[in-house]
Amino acid sequence: MNIAKILQTTARSFPSYLATAQGEKPVATYGQLGQRVRALAGSLRERLNLKHGDRVAIIMKNRPEYLEVMFAAWWAGLTIVPINAKLHQKEFEYVLDNSGARVCFTGPDLNDTVAPLADQVESLQRTICVADPEYAALCAGEGIDLAAVQGDEPAWLFYTSGTTGRPKGATLTHRVLNVCTLAYFADIDAILPGDSIIHAAPISHGTGLYALPHVAKAAAQVVPDSGSFEPEEILELMRRYARVTLFAAPTMLIRLMNAPGIPRADLTRLKTIFYGGGPMYVADLRKAIEVFGLALVQLYGQAESPNTITVLPRYMHTDSSHPRYLERLASVGIPRTCVEVRVADAEDRTLPPGELGEVLVRGDIVMSGYWQNPKASADTLRGGWLHTGDVGFCDEYGFLTLRDRSKDMIISGGSNIYPREVEEVLLKHPGVLEVSVVGRAHPDWVEEVVAFIVARPGHAPREEELDRLCLENIARFKRPRAYFFIGSLPKNNYGKVLKTELRQRLAAPAGA
C-alpha cells in the first residue's frame, strides 16, 4: 500500500481537524492538507515531469511544508530523500548526487546554499524554495489520483553515515513505513483525532517517521516557530495543544527537564515523550521520571530498522517495586511486536543470556538494503539479519542492554558523528601525519568530538587551521572541540589504532 494512503483516508474522514500548525498558528486542516498534497503531486508529475520512482530531496529546517512535500512525493509514486539540514554544502552535494535526486525542495534560510547545487549535481534539474510564489503555484490545481505502488518499492532513502565516512542511503520501502506505523500503535500509543505531536527534532529523522501514525489518526502536526528544540517554547506549546506527544533525543530530554520553566509548567496536556537515539543514563532517567512520570517511553532503533527494534514501555518506567527495576531502566527494553532480536558472536551464532555480542534484527521493518551499494547491503544483511553494529546482551527475560557501539560512532546532542569522516578531513592538512577521533563525555551533549593528532616533523598544524579545514568540509557540529598533539597513536599488533586507550587517557585525572 502507498504510505500516502493514510493521508487520503484521514483527509476524507476528518477534513475539519487541524493537520499542521506553525507554533500556535493553525496552517491547514486535514481536508486542506489533502488537497494541497494532491495538487503538489500533480505538479511533480505533470509540470516538473518526474517519473514513477524518481527521487525528491528535501533540505530544510522543520516547517509545515516539509510534510506537504513528503506526502506529495509519495502520492505521486516518487521517493523522498530527506537530508539533515545541519550538513555542509559538500555533504548536501554528495547525497543529492548519490541518490540521483531530480528536484530538491528547500527553505528560505538554506536556499542560497542549496540552489547552486543544481549546476553541480548532474541529476538535479532544479531547486525550489517553499517560501517562493513558485511553490504556492505548484500546490494549486486539481491534482492527481493516488499512485499505485508495490510494497517493496522505495519510499524513503534515509541517509546515515557509515564507518567509511561516506553516507549510505538506507532504503525504506512503502511496506517498511506501513509496518513502522502499525508498530507504533502496537507498542507505544493509541492516537485519537485531535491529539498533537510537536516536531522539535529534525523531521528528516526520527520525528518525521512518527508523523506517520499521527497523520493516520488525524493528530495535529505542530512545528515550533523556532524550527528547532527550545525548551521554554516547547513548554508553552504544551499549554496550547491537546494530548501532546514529543520525540526527544536524550540530550533534549535532559534540557527539557532542567528548563527554568519546568517548576511552573502545566504538564497536564503532555501525553507521551518517546526518547532514543543515544545513551540515557539511569541517574538522568530517574530524574526525568520524577518530572514526567508515565509520559516516558524509550525506543531503540536505527535508520536501517527505523526507530523500531526494542521498546521500554511507559509502565516499566514507574514500576519501582519490580525487583529488576534498575536493570530495566538501564536497558533499552524488549523487542518490538513485529521484530526478532538476538545477540550473536562473530560467526552469527546466538549467544546465551548475559553474554556480549552484536545485536541482530529481523522483520518486515528492516530496510531492503543500501541505495546503490550492494556490497554494504550484503554485508549488513547477511544471513537475512540486520547486523546493527551495536554491542550488547539480552537477559533471560529478553531485555536488551547496550554496552558499546562497535563502529565507534559518537553521539553528540542527539546527532550521529562517525570518526572516520572527521579523520579523513583532518588528514587533508599537510601537517597531519596520523589522526584518531573519539568522543569525550560532555555534561550537556553526552559526548563531544576530540582529535588525537600526530604531526609531521617540522609541520605542526595550528588548531585554527584544523578548525577552518573542518568548517570548509563538514558540518559544524562534527568539528572537534579539542585537539591533542601526541608523538604516536597507540596500536595493537595488527596496526589498528586502540581508540579504547585514547578514551582512557581522556578519562584519567589530570597529571595521571
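As the structure is a prediction and not an experimental result, all values here were calculated from the model.
- Under the 4.5 Å side-chain criterion, counting only non-hydrogen atoms from C-beta, Thr29 is not in contact with Leu18.
- Checking side-chain atoms of Ser99 against main-chain N and O of Leu96 turns up a donor-acceptor pair under 3.5 Å.
- Judged by distance alone, the side chain of Tyr30 and the main-chain N or O of Ala219 form a donor-acceptor pair under 3.5 Å.
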Indicate every side-chain donor-acceptor pair of residues 138-152 with a distance under 3.5 Å to a residue at least two apart or in another chain.
unit_1: Asp145; atom_1: OD1; unit_2: Arg38; atom_2: NH1; d: 3.3
unit_1: Asp145; atom_1: OD1; unit_2: Arg38; atom_2: NH2; d: 3.0

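- A salt bridge links Lys61 with Asp109: the closest approach of a Lys/Arg side-chain nitrogen to an acidic carboxylate oxygen falls below 4.0 angstrom.
- Nearest heavy-atom pair, Ala303 versus Thr160, reported as atom, atom and distance to 0.1 Å: CB-CG2, 3.9 Å.
- Of the possible donor and acceptor atoms, one in the side chain of Thr388 sits under 3.5 Å from a partner among the backbone N and O of Val359.
- Here the side chain of Glu327 pairs no donor or acceptor atom with the backbone of Thr401 at under 3.5 angstrom.
- Using a 4.5 Å heavy-atom threshold, the side chains of Thr207 and Ile197 count as touching.
- With hydrogens and angles left out, the side-chain atoms of Glu304 and Tyr370 include a donor and acceptor closer than 3.5 Å.
- The two residues Ala72 and Ala41 make their nearest non-hydrogen contact at O-CB, 3.4 Å.
- Residues Glu290 and Lys287 are not paired through a salt bridge, judged by the lack of any N-O separation under 4.0 Å between the basic side chain and the carboxylate.
- For the 3.5 Å distance criterion, the side chains of Gln22 and Lys25 fail to qualify, holding no donor opposite an acceptor.
- Applying the side chain to side chain contact (heavy atoms under 4.5 Å, CB included) test to Pro335 and every residue at least two apart in sequence or in another chain returns Val341.
- In this structure a side-chain-to-backbone donor-acceptor pair under 3.5 Å is missing from Gln8 to Gly34.
- Remark: Lys271 engages Asp195 in a salt bridge, criterion side-chain N to carboxylate O under 4.0 Å.
- In this structure, the separation between CG on Leu237 and OG on Ser226 is 8.5 Å, given to the nearest 0.5 Å.
- Remark: the Tyr300 side chain and the Asp390 side chain contain an N/O donor-acceptor pair separated by less than 3.5 Å.
- Under the 4.5 Å side-chain criterion, counting only non-hydrogen atoms from C-beta, Gln32 is not in contact with Pro26.
- Between His199 and Gln221, the side chains place a donor N or O and an acceptor N or O closer than 3.5 Å (distance only, hydrogens not considered).
- Between Leu40 and Val37, the closest side-chain pair of non-hydrogen atoms is not below 4.5 Å.
- Contact check for Thr20 versus Glu65: no side-chain heavy atoms found under the 4.5 Å cut-off.
- Between Ile273 and Val297, the closest side-chain pair of non-hydrogen atoms is not below 4.5 Å.
- Checking Asp319 against Ser321 by side-chain atom types alone, a donor-acceptor pair falls below 3.5 Å.
- Using a cut-off of 4.0 Å between Lys/Arg side-chain N and Asp/Glu carboxylate O, Asp187 and Arg336 are scored as salt-bridged.
- You'll find the side chain of Met238 reaches within 4.5 Å of the side chain of Leu256, heavy atoms only.
- A donor atom on one side chain and an acceptor atom on the other are found under 3.5 Å apart for Glu68 and Tyr135.
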**OP:** Might you work through the side-chain contact (heavy atoms from CB on, under 4.5 Å) test for Phe229 and Arg255, ending with a clear yes or no?
**Re:** CA-CA 10 Å; Phe229 179 78; Arg255 288 178 62 197; 3.7 Å; yes
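- Sparse packing is recorded around OH of Tyr397, with 12 or fewer heavy atoms of other residues, nucleotides or ligands lying under 6.0 Å away.
- At distances below 3.5 Å, at least one donor-acceptor pair connects side-chain atoms of Asn178 with backbone N or O atoms of His174.
- Going from atom CG of Leu285 over to atom CZ of Arg328 covers 13.5 Å, rounded to the nearest 0.5 Å.
- Atom CD1 in Ile3 sits 6.5 Å away from atom CZ in Phe71 (nearest 0.5 Å).
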**OP:** I would like to know whether Phe185 and Ile191 meet side-chain contact (heavy atoms from CB on, under 4.5 Å); could you show each step before the answer?
**Re:** CA-CA 8 Å; Phe185 302 131; Ile191 302 173; 3.8 Å; yes
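- Checked against Phe274 for a side-chain contact (heavy atoms from CB on, under 4.5 Å), the options Leu253, Leu312, Thr245, Asn307 give a single hit: Thr245.
- Formation of a donor-acceptor pair under 3.5 Å by the Arg362 side chain with backbone atoms of Glu340 is not found in this model.
- Rounding to the nearest 0.5 angstrom, the gap separating the CZ atom in Arg269 from the CZ atom in Arg243 is 9.5 Å.
- With contacts defined as side-chain heavy-atom distances shorter than 4.5 Å, the pair Cys394/Pro353 does not qualify.
- Between Thr308 and Cys338 the shortest heavy-atom distance is CG2-SG, 4.2 Å.
- Of the possible donor and acceptor atoms, one in the side chain of His317 sits under 3.5 Å from a partner among the backbone N and O of Pro313.
- Judged by a 6.0 Å distance limit and a 45° cone about the ring axis, Lys168 is not positioned over the six-membered ring of Tyr159.
- In this structure, a donor-acceptor pair under 3.5 Å is absent between the side chains of Arg55 and Thr79.
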**OP:** In sequence, state the C-alpha distance, the side-chain angles, and the governing distance for Glu91 and Asn84, and then conclude on side-chain contact (heavy atoms from CB on, under 4.5 Å).
**Re:** CA-CA 10 Å; Glu91 296 170 305; Asn84 187 346; over 6 Å; no
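- Closest approach of Pro306 and Ile365 over heavy atoms only: CD-O, 3.2 Å.
- Panel note: side chain Thr171, backbone Ser368; no donor-acceptor pair is recorded below 3.5 Å.
- For His205 and Phe158, the ring centers are positioned less than 6.0 Å apart.
- Atom CZ in Phe292 sits 6.5 Å away from atom CG in Leu267 (nearest 0.5 Å).
- Rounded to the nearest 0.5 Å, atoms CG (Asp225) and CG (Asn62) are 12.0 Å apart.
- Without hydrogens or angle criteria, Arg314 side chain to Leu294 main chain gives a donor-acceptor distance under 3.5 Å.
- Centroid-to-centroid, the aromatic rings of Tyr184 and Tyr210 come within less than 6.0 Å.
- Scanning both residues, Glu355 and Phe393, for their nearest heavy atoms gives O-CB, 3.4 Å.
- Using cut-offs of 30° and 60° for the angle between ring planes, the Trp74 and Trp156 rings count as tilted.
- Nearest heavy-atom pair across Met316 and Ile334 is CE-CD1, 4.4 Å.
- Residues Ser412 and Glu447 bring no donor and acceptor atom of their side chains to less than 3.5 Å of each other.
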**OP:** Dump the intermediate steps for side-chain contact (heavy atoms from CB on, under 4.5 Å) on Ile128 and Leu48, then the final yes or no.
**Re:** CA-CA 11 Å; Ile128 299 169; Leu48 302 184; 3.8 Å; yes
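- His52 and Glu153 are linked by a side-chain donor-acceptor pair at a separation below 3.5 angstrom, with hydrogens and angles left out of the test.
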